[in-house]
Number of protein chains: 2
Amino acid sequence: MDRYKNIGLKLTPQRLAILDFLEGNTTHPSAEEIFAAVSDRFPTMSFATVYNTLETLKEKGAVIELTGDPRKKRFDPNTAPHHHLICIRCRRIADVQVDYKIDLPRSSRMGFEITGNHIEFYGVCPACRKGGPEKTGSGVQTAGEESHEN
Amino acid sequence: MDRYKNIGLKLTPQRLAILDFLEGNTTHPSAEEIFAAVSDRFPTMSFATVYNTLETLKEKGAVIELTGDPRKKRFDPNTAPHHHLICIRCRRIADVQVDYKIDLPRSSRMGFEITGNHIEFYGVCPACRKGGPEKTGSGVQTAGEESHEN
DNA sequence: CAATTAGGTTAGAATAATTATAAAGAGATG
DNA sequence: CATCTCTTTATAATTATTCTAACCTAATTG
Ligand SMILES: [Mn+2]
Ligand SMILES: [Mn+2]
Ligand SMILES: [Zn+2]
Ligand SMILES: [Zn+2]
């Protein structure tokens with residue numbers, strides 16, 4: 001939490017509540033989930049404040065926004081480079097700390113200046129394998145979900 | 001186009017128009033863009049039909065849905081495993097045909113059964129480098145955009 | 001201390017994307 | 001033709017996100 005003292009932000013109670021909820025959280029929550037968790041300890045919290053704060057934190061580099069769940073934005077307080085493992089049934093997202101050296105050859109860069117990369121692994125989580133959760137109706141079919149093994 | 005004859009679908013004019021637009025299209029268009037392109041040759045086309053068709057094609061495995069643009073879903077008629085290069089300014093998405101062997105060690109699988117993977121490379125496209133497009137306001141800061149080089 | 005200022009929070013309205021509903025159309029079948 | 005099934009359409013409803021304008025609050029100034 002001390003890590004936030006120097007990001008050039010006024011640390012208001014609301015922001016602290018959000019940061020506190022995010023701190024060490026590896027569930028990659030959505031704005032909605034953050035709002036739910038924080039507003040119950042902090043009943044005056046507004047949805048706008050959650051979005052405002054997340055936007056600000058994003059700009060300051062204190063959180064990153066994840067794609068991978070096409071239904072909503074999700075946020076990650078872990079800003080160190082890492083990859084993700086996504087359940088194609090319930091969209092649970094787990095961290096992958098393995099380091100990969102993936103370099104895009106200049107000939108494949110299409111003139112882009114490369115700034116980074118991110119791997120999404122797809123799979124079925126333990127709960128969903130047991131006919132479990134699957135909050136998502138029929139599952140969201142996304143790129144790579146049926147790539148060949150490597 | 002013949003490839004669609006055997007996907008077990010009634011090939012209605014609307015579906016053919018959509019498939020025709022998608023065929024060989026490497027721009028990874030959104031539903032909106034598909035609707036715009038198709039409805040002008042086919043004025044009675046409904047937005048619902050675009051979504052219905054895309055959903056059906058997705059189920060049949062004829063298109064895949066891309067994440068990576070947090071603002072809207074985008075679709076790819078190229079269902080062969082491949083990766084993508086995304087402009088962090090304008091969200092243009094280009095194909096990456098390079099093949100990577102990325103294996104997730106069993107110890108990092110968290111009990112998931114892995115079904116595939118997908119790499120997103122981030123960068124700035126040629127147009128945006130020249131202070132060009134950048135239809136997106138301040139750019140969407142997303143996971144991996146500032147990973148270290150590998 | 002009163003007045004200003006800048007930034008933050010709030011409720012609620014407004015947008016944008018997507019999904020759901022129900023009526024109408026079109027083709028195949030008997 | 002009557003019926004069945006699938007498709008399309010218009011429109012309403014939902015969901016997620018962003019915008020707006022009023023209100024607060026802490027710090028600063030005179
Ligand atoms: Mn993470
Ligand atoms: Mn592609
Ligand atoms: Zn799951
Ligand atoms: Zn660009």
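Keep in mind that the numbers below use all heavy atoms, side chains included, and drop hydrogens, waters and symmetry copies. Keep in mind that what you see is a predicted model, and the values were worked out from it rather than measured. Chain A is the first sequence line, chain B the second, and so forth, proteins listed ahead of strands; every chain is numbered from 1.
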For this session: Compare the minimum distances between each of dT9(C), dA10(D), dT10(C) and the side chain of Thr12(A), then state the nucleotide with the smallest one.
Result: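 Of all the options, the side chain of Thr12(A) is nearest to dT9(C).
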Problem set entry | Which nucleotide in dA17(C), dT8(D), dT9(C) has an atom nearest any side-chain atom of Asn52(B) |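 Closest nucleotide to the Asn52(B) side chain: dT8(D).
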Between atom [atom1] in [X] and atom [atom2] in [N], what is the gap in whole Å?
X: Leu16(A); N: dT9(C); atom1: CG; atom2: C1'; result: 14 Å
X: Leu9(B); N: dT5(D); atom1: CG; atom2: P; result: 18 Å
X: Phe47(A); N: dA13(C); atom1: CZ; atom2: C1'; result: 16 Å
X: Leu11(A); N: dT9(C); atom1: CG; atom2: C1'; result: 15 Å
X: Arg74(A); N: dT17(D); atom1: CZ; atom2: P; result: 11 Å
X: Leu66(B); N: dA17(C); atom1: CG; atom2: C1'; result: 16 Å
X: Asp69(A); N: dA17(C); atom1: CG; atom2: C1'; result: 15 Å
X: Glu65(A); N: dT17(D); atom1: CD; atom2: C1'; result: 11 Å

Please determine if a side-chain N or O atom of [X] lies less than 4.0 Å away from the OP1 or OP2 oxygen of [N].
X: Arg15(A); N: dT9(C); answer: yes
X: Lys73(B); N: dT15(D); answer: no
X: Tyr51(B); N: dT19(C); answer: no
X: Lys72(A); N: dA16(C); answer: no

Problem set entry | Base versus backbone protein contacts along nucleotides 22-30 of chain C [heavy-atom cut-off under 4.0 Å; B, S, -] | ---------
Exercise. Looking only at heavy atoms, what is the nearest atom pair of Pro77(B) and Val63(B), with distance?
Worked result: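 Reported closest heavy-atom pair: CA-CG1, 4.2 Å.
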Exercise. Looking only at heavy atoms, which two atoms of Thr67(A) and Pro70(B) are closest? And how far apart?
Worked result: CG2-CD, 4.1 Å
[X]/[Y] ion pair, N-O < 4.0 Å:
X: Lys58(A); Y: Asp76(A); value: no
X: Asp69(A); Y: Arg91(A); value: no
X: Glu65(A); Y: Arg74(A); value: no

If only side-chain N and O atoms count, and only distance matters, is there a donor-acceptor pair under 3.5 Å linking [Y] with [X]?
X: His83(B); Y: His118(B); value: no
X: Asp99(B); Y: His82(B); value: no
X: His28(A); Y: Asp95(A); value: yes

Exercise. What does Thr49(B) touch in the nucleic acid at a heavy-atom separation under 4.0 angstrom: a base, only the sugar-phosphate, or nothing?
Worked result: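 The answer is base, as Thr49(B) lies within the cut-off (heavy atoms under 4.0 Å) of a base atom.
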Problem set entry | Strand contacts (DNA chain D) in residues 27-46 of chain A, 4.0 angstrom heavy-atom criterion |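 Correct list: empty, so none.
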Exercise. Under the ring-ring contact (aromatic ring centres under 6.0 Å, His included) test, which residues partner Phe121(A), sequence neighbours left out?
Worked result: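 Tyr100(A).
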Exercise. Is there a donor-acceptor pair under 3.5 Å between the side chain of Ser108(B) and the backbone N or O of Leu104(B)?
Worked result: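 Answer holds: no.
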